[in-house]
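So that the names make sense, note that chain A is the first sequence line, chain B the second, and so on, each numbered from 1.
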Protein chains: 2
Amino acid sequence: MRRTDVPDVVIRRLPLYLRCLTYMAERGQSVVSSQELGAWVGVSSAQIRKDLSYFGEFGRQGLGYEVTYLRDQLRTILQADKRWSIVLVGAGALGHALVNYRAFESWNYDLSAVLDNDPEKVGQPIGDLRVRPMEDLVASVHETGAKIAILAVPAEAAQSVAEQLVAAGIRAILNYAPMNLVLPAEIHVSYIDPIASLQSTTFYL
Amino acid sequence: MRRTDVPDVVIRRLPLYLRCLTYMAERGQSVVSSQELGAWVGVSSAQIRKDLSYFGEFGRQGLGYEVTYLRDQLRTILQADKRWSIVLVGAGALGHALVNYRAFESWNYDLSAVLDNDPEKVGQPIGDLRVRPMEDLVASVHETGAKIAILAVPAEAAQSVAEQLVAAGIRAILNYAPMNLVLPAEIHVSYIDPIASLQSTTFYL
DNA sequence: GCGTGTGAAACAATTCACAGCG
DNA sequence: CGCTGTGAATTGTTTCACACGC
């Protein structure tokens, strides 16, 4: 099964399965059925089985899936077993919160540089990092080997900074700015926008 | 067109259109075509037209859409013209960042109470609020009229707190905890989980 | 001509239902 | 018997293509 044959919706569900399996393994559960896993993550058992079937046969008929085995398979598929360096652009309140968010570290993501173009912020410490000027972007990306960047700048700056990131060799962006980015198709962009989420939920209220 | 006839994917795109139209209106642009709007938000022009057609006929043939008119229509559809009170549970680093996030205010959302069950945190000021104990939940929801809650607690606590929110009358939850919530179908839950986003992007790298 | 609104066609995702195996 | 893996059927979404009006 080639990467491009797997629908993107499937890829976006795998982390939910992985998270759930990780909790189950921590609790010492050894086996899980597609039914039980589906109940936890909120999808049908058929969907779980179909999703997994894109990548192989991980279960045993009549029994279910071995929790740690499936967890490790998903880790490999998602490359969550690797350590990933991340460059963060934007040292505002959000940037601070992200640097101090422990979950990155525990899931193998390493926020290894923080940059900002505000001279007031450059040089200030955040966590055990120091804010670097935007001129250091290419150097930061090379030093850290980062392929992923987190964009936590104001909307007006987002497109321009995103282009600089791509020019510096970044391949994937997690964008917290409330702005759609127009970038080459091979760059992967994920959007996190609580306002957009809230606006779609108020439609239903 | 009844609420339930509109696919949820469409509802999730409307905020992106609204955001873009708002920027365009600020810049003084008076008219926009589905083509141009699509280029900005990254969807096809046919999709824009189809999405809007669920709610009415807002454009003019040969011309396009009047920016402020369409913006106001979308605001009404999404109920983004109303002011919404929000109760925030969780006064950790994330809770602090959310309270200080100015975009809520500017998009008509009012973070009107913050709660936490940690006695150390209760009573502390955040922005111009003061952290209240979880026992005040029902009172907070009633005082503020909140129908929406933001959940910013550790994963272990999320399900339990979510149930308390529902019992207190909350109808929609924006969940920052890395945990799927199992709740009655009429409760609307949106998930924000940067780790899950990162894990799906590393699949492609 | 240009650009919307919309059925029809194409494509994509989910669910069904069951063969097959432990 | 229980539960996976999977084609087939169903359901949902996007794109096409064109009539219509400015």
Side-chain angles (χ1 to χ4, degrees), chain A residues 1-17 20-21 24 29-71 73-74 77 180 185 200 203-204, chain B residues 1-14 16-17 20-21 24 29-71 73-74 77 180 185 200 203:
Chain A
M1 182 64 54
R2 291 198 324 287
R3 282 182 146 37
T4 49
D5 295 339
V6 185
D8 187 64
V9 268
V10 174
I11 302 305
R12 286 201 307 271
R13 279 192 294 265
L14 297 186
L16 311 185
Y17 305 162
C20 194
L21 289 160
M24 287 172 167
Q29 184 173 346
S30 64
V31 164
V32 66
S33 66
S34 58
Q35 177 116 144
E36 186 187 0
L37 183 55
W40 278 92
V41 306
V43 311
S44 73
S45 62
Q47 182 129 79
I48 301 258
R49 296 200 302 278
K50 180 72 92 179
D51 285 355
L52 296 177
S53 77
Y54 281 103
F55 303 97
E57 308 193 356
F58 304 118
R60 292 210 281 171
Q61 280 134 331
L63 189 64
Y65 302 88
E66 218 202 306
V67 171
T68 54
Y69 175 69
L70 183 56
R71 178 201 60 192
Q73 291 296 312
L74 288 178
I77 292 165
N180 187 69
S200 23
F203 172 80
Y204 295 103
Chain B
M1 183 65 52
R2 291 199 323 286
R3 283 184 145 36
T4 49
D5 294 340
V6 185
D8 187 63
V9 268
V10 174
I11 302 304
R12 287 201 306 270
R13 278 192 295 265
L14 297 187
L16 311 185
Y17 305 162
C20 194
L21 290 161
M24 287 172 167
Q29 184 174 347
S30 64
V31 164
V32 67
S33 67
S34 58
Q35 179 116 140
E36 186 187 0
L37 184 55
W40 278 92
V41 306
V43 311
S44 73
S45 62
Q47 183 132 78
I48 301 257
R49 296 200 302 277
K50 179 71 91 177
D51 286 354
L52 296 177
S53 77
Y54 281 104
F55 303 98
E57 309 192 357
F58 304 118
R60 292 210 281 173
Q61 280 131 330
L63 189 65
Y65 303 88
E66 217 202 307
V67 171
T68 55
Y69 175 70
L70 184 55
R71 177 200 63 190
Q73 291 296 312
L74 287 178
I77 292 165
N180 187 69
S200 23
F203 171 81

| field | B/Tyr69 OH - C/dT4 C1' separation (whole Å) | value | 14 Å

| Nucleotides bounding contact with chain A, strand DNA chain D, heavy-atom threshold 4.0 Å | D/dG2 to D/dA8

| note | Closest non-hydrogen atoms of A/Ser34 and A/Ser45, given as atom of the first, atom of the second and distance, are OG-CB, 3.5 Å

Check nucleotides 5-7 of chain C for protein N or O atoms closer than 3.5 Å to its own N or O atoms and list the pairs.
| residue | atom | partner | partner atom | Å |
| --- | --- | --- | --- | --- |
| C/dG5 | OP1 | B/Phe58 | N | 3.0 |
| C/dG5 | OP1 | B/Gly59 | N | 2.9 |
| C/dG5 | OP2 | B/Tyr65 | OH | 2.7 |
| C/dG5 | O3' | B/Glu57 | OE2 | 3.4 |
| C/dG5 | N7 | B/Arg49 | NE | 2.7 |
| C/dG5 | O6 | B/Arg49 | NH2 | 3.0 |
| C/dT6 | OP1 | B/Glu57 | OE2 | 3.3 |
| C/dG7 | N7 | B/Lys50 | NZ | 3.3 |
| C/dG7 | O6 | B/Lys50 | NZ | 3.4 |

| query | Roughly how far, to the nearest 0.5 Å, is the CG atom of A/Leu14 from the CZ atom of B/Phe203? | reply | 7.5 Å

| note | Of all heavy-atom pairs linking B/Ile48 and B/Tyr17, the shortest is CD1-CE2, 3.6 Å

| How is A/Ser45 classified with respect to the nucleic acid when contacts are heavy atoms under 4.0 Å: base, sugar-phosphate, or nothing? | nothing

| field | salt bridge (Lys or Arg N to Asp or Glu O under 4.0 Å) partners of residues 44-65 of chain B, not counting sequence neighbours, each pair once | value | B/Arg13-B/Asp51

| field | Most 5' of B/Gly62 and A/Asp8 on DNA chain C, judged by nearest nucleotide | value | B/Gly62

| Does the side chain of B/Ser34 get closer than 4.0 angstrom to OP1 or OP2 of C/dG3 through an N or O atom? | no

| B/Val6 side chain near B/Phe55 side chain, heavy-atom distance below 4.5 Å | yes

| query | Just how far is it from atom CG of B/Asn180 to atom CH2 of A/Trp40, taken to the nearest 0.5 Å? | reply | 9.5 Å

| Should we say atom CD of A/Gln35 is surrounded by more than 12 heavy atoms from elsewhere, each under 6.0 Å from it? | no

| request: Write down the distance between CD (B/Glu36) and C1' (C/dT4), rounded to a whole number of angstrom. | output: 15 Å

| request: Rounded to the nearest angstrom, tell me the gap between atom CG in A/Asp51 and atom C1' in C/dA12. | output: 14 Å

| Closest approach of A/Leu21 to A/Val67 (non-hydrogen atoms, all atoms of both residues) | O-CG1, 3.5 Å

